[in-house]
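To start, the structure under review is shown below, and the notes come after it.
Any value given below was found using the heavy atoms of this structure, including those in side chains, with hydrogens, waters and symmetry copies removed.
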Number of protein chains: 2
Amino acid sequence: MSCLLVHTPLSLACRRPTIPLCAAARNPLGAVRPATSIGKTGGRLVILGSGWAGLKLLGGINTKDYEVLMIAPRNHFVFTPLLASTSVGTLEFRTITEPVRHHNRKALYHQAWCDSIDLTTRSLTCMPALPDHTQPFTLSYDKLVIAVGAYSNTFGIPGVEQHGFFLKEISHAQRVRARIIECFEMASEPNCSEDDQWKLLSFAVVGGGPTGVEFSAELHDFIKDDLRRLYPSLINKAQITVYDVAEKILGSFDDALADYATQKFAREGIKIRTKTFIRKVEKNKLVLTDGTEIPFGVLVWATGLTATPLIRNLSPAAHSSSHRLVTDDYLRVLDLDGTPIPDVYACGDCATIKGNELPATAQVASQQGIWLRKHLNKVPRNEMGQPMAYIGGWKAIMETPNESKLPKGIRGYLAWLAWRSAYLYKSVSARNMVLIPITW
Amino acid sequence: MSCLLVHTPLSLACRRPTIPLCAAARNPLGAVRPATSIGKTGGRLVILGSGWAGLKLLGGINTKDYEVLMIAPRNHFVFTPLLASTSVGTLEFRTITEPVRHHNRKALYHQAWCDSIDLTTRSLTCMPALPDHTQPFTLSYDKLVIAVGAYSNTFGIPGVEQHGFFLKEISHAQRVRARIIECFEMASEPNCSEDDQWKLLSFAVVGGGPTGVEFSAELHDFIKDDLRRLYPSLINKAQITVYDVAEKILGSFDDALADYATQKFAREGIKIRTKTFIRKVEKNKLVLTDGTEIPFGVLVWATGLTATPLIRNLSPAAHSSSHRLVTDDYLRVLDLDGTPIPDVYACGDCATIKGNELPATAQVASQQGIWLRKHLNKVPRNEMGQPMAYIGGWKAIMETPNESKLPKGIRGYLAWLAWRSAYLYKSVSARNMVLIPITW
């Protein structure tokens with residue numbers, strides 16, 4: 001049987017590109033309502049975003065009650081916790097993606113960015129995330145779920161987007177992988193000086209959170225196990241360094257895990273430079289605030305998230321100090337007075353619950369999506385249900401291991417991976433369940 | 001165990017880009033000979049190209065007798081007969097590639113284009129096929145094997161390279177796959193008119209040879225089996241058309257196979273337009289010599305091969321009418337007088353044997369590479385051996401099935417595929433041997 005990979009083209013899978021204003025101002029279709037919502041007691045449910053929250057919601061939503069429509073620039077779901085593994089070739093890209101359209105055959109999907117939400121008229125303006133499209137379309141909604149995620153945060157440091165790689169999309173992982181190999185090939189050229197070899201094989205990871213730490217660990221194994229055989233004369237020049245502004249890496253996690261990672265990295269030769277402040281990034285070098293210049297061949301930037309313009313500009317809606325939308329316990333978006341805006345929900349990385357700020361993890365987004373699906377399936381029956389509650393406690397939310405629940409002997413980093421995997425593998429299709437151990 | 005994919009970055013995996021002349025004129029290193037050739041009785045053997053011929057030669061060459069160095073812009077081998085399958089997602093890209101460096105750990109490899117060959121001084125000028133490199137390097141050789149393959153032939157028709165896709169590299173297959181999905185997504189946009197849907201879902205294949213026919217068959221199955229489930233409302237608008245200037249498709253093959261393919265295509269709804277002459281290609285349309293305009297969403301161009309500039313310009317060397325290098329039965333390149341040029345061999349798509357012009361197939365290149373490896377392993381022992389002879393007869397050379405050797409009941413297109421597979425699968429590693437049936 002043949003199978004299917006549905007990737008957004010590389011150029012489209014990152015940030016919303018700017019569009020000409022004149023084109024965005026046109027609106028030829030108006031808020032057209034196709035016939036499919038006729039007879040649906042819940043009306044039209046629009047889901048913005050194809051990440052963890054959006055997909056968990058989409059999977060089991062009752063399409064008898066709702067006309068369901070997903071709008072997202074990425075037509076596939078990405079199993080984000082394994083992106084670091086694919087970026088070094090441990091896993092094949094296809095094993096960690098699933099086409100959005102597979103998740104619910106009765107839902108409609110448009111590959112588009114949502115550019116603005118009009119809460120008064122209950123309408124959305126969207127721009128197709130496809131080549132040659134400069135013509136927006138508008139849609140009305142009866143219920144709206146905002147689950148658009150967040151952008152990687154550069155903290156306004158110049159040069160990061162031009163010279164560094166993020167690790168949020170398949171296309172990012174593909175580019176990181178290609179660039180790592182490219183650096184080894186460049187260092188193998190007969191013209192390459194020894195000094196340039198050291199620079200090319202210097203791998204900088206900025207951000208000592210879970211993404212940065214996982215990527216560093218995966219890259220280390222990739223170099224030690226695979227690249228050593230292909231580039232034996234170069235391997236001693238390869239150096240991975242993790243940079244963070246904080247005093248230690250994995251600062252928001254259990255001390256035990258952070259200490260374990262630090263010791264493990266020291267043993268493996270991965271350098272950790274904490275309390276390091278970067279002023280700017282130039283081609284192939286970091287410039288620190290004290291003027292120090294640090295050359296690199298590959299820079300992976302994993303310093304956390306920032307709200308998208310759509311979220312920042314949503315009005316009238318309450319925003320947290322980190323510009324996320326504020327919701328109540330039912331994930332309803334609150335207005336500036338703290339009153340729920342009718343029929344508008346938000347979850348995942350773009351939102352936070354009032355008085356209960358949770359970290360932006362796949363785990364939280366996933367649980368919110370599942371809860372919201374169950375809740376919305378009750379609404380047309382006038383059942384209110386219980387407010388959102390988390391399973392697994394803080395350790396699960398933070399994706400840190402609860403070692404007492406794991407088989408004896410699994411500790412430290414391995415425990416962490418096992419914990420994440422056990423929780424999150426449920427999202428992967430049976431086909432990929434088979435492929436992951438084979439390509440691993 | 002983690003495993004390794006080594007892809008040339010997309011932008012580098014096609015034709016040799018032009019380089020600034022001023023840079024190409026610099027030559028800082030000269031023809032440096034590293035210490036590794038000391039004590040090798042055969043001296044330095046340079047292999048140009050990492051295709052079928054180059055890799056078959058590289059695999060078993062005696063590195064005790066030769067200092068072996070491969071120069072090729074692509075650092076991985078591609079199992080070309082399966083490219084059509086990967087372009088529609090039947091197979092994962094990684095299953096049909098192997099890193100060059102895996103083939104012979106004792107050989108050196110540089111990722112570079114060979115720009116010129118000086119037969120008098122026995123030296124090569126090469127340009128790294130890597131970003132930011134404008135500085136060429138030169139190398140001397142004692143023995144040279146030219147196996148650089150050929151470019152896709154556009155017959156000088158304007159617009160083909162800008163608006164069409166070839167199918168010679170992994171990057172081509174990746175782009176074709178992304179573009180097919182993109183067309184279906186564009187046709188799903190709410191703004192897309194029915195007329196535009198027909199245009200977007202019109203898939204044009206120019207060239208009725210094996211590549212064009214295989215791709216059309218694979219694309220048909222992809223649409224029928226996979227895309228039908230994801231885009232049910234669009235599937236009736238999808239149309240594949242194969243264009244050829246000849247009177248029939250697969251003209252150089254057995255009549256039985258050509259007739260079988262024609263009938264099969266007619267039954268499956270794939271249109272064949274023979275005796276069709278294209279004047280130019282514009283964005284999303286073919287313009288025929290009679291002025292007819294034919295819109296397309298995806299254009300795959302598979303009309304055969306043409307010699308590269310390196311081959312065309314090699315002097316003094318004999319060229320065939322199709323600009324391929326002419327060799328004797330020992331694959332030695334002949335000069336204009338028909339005398340073998342000392343220590344210079346050519347094989348694969350860039351060469352042809354005098355009086356015995358063979359088609360440019362993987363089969364021929366593979367057999368030539370194997371023969372040349374055995375021959376070169378004898379040369380340092382002053383053994384001449386037998387001239388090149390082909391196994392399997394004309395049917396094998398043309399990669400057409402010898403049905404009498406196949407299990408009963410396997411006929412037609414299936415026989416053809418089985419035949420190619422049986423011959424060519426030997427090149428794939430055990431790991432990929434396992435992965436191919438799983439992802440198939």
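For N191(A) (side chain) and P136(B) (main-chain N/O), a donor-acceptor pair under 3.5 Å exists by modelled atom type.
Pairs passing the salt bridge (Lys or Arg N to Asp or Glu O under 4.0 Å) check and including a residue from residues 126-138 of chain A, sequence neighbours excluded, read D132(A)-K283(B).
By the side chain to side chain donor-acceptor pair (under 3.5 Å) test, E189(B) pairs with no residue at all, sequence neighbours left out.
Shown here for L130(B) and E182(A), the closest heavy-atom pair between the two residues is CD2-CG, 3.8 Å.
Looking at S188(B) and Q111(A), their side chains never come closer than 4.5 Å, going by heavy atoms from C-beta outward. Counting only heavy atoms from C-beta outward, the side chains of M186(B) and P131(A) approach each other to under 4.5 Å. The shortest side-chain heavy-atom distance between H110(B) and E185(A) does not fall under the 4.5 Å cut-off.
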Q: Assess whether side chain to side chain contact (heavy atoms under 4.5 Å, CB included) is satisfied between R229(B) and H102(A), documenting all intermediate values.
A: CA-CA 8 Å; R229(B) 286 181 285 129; H102(A) 272 180; 4.0 Å; yes
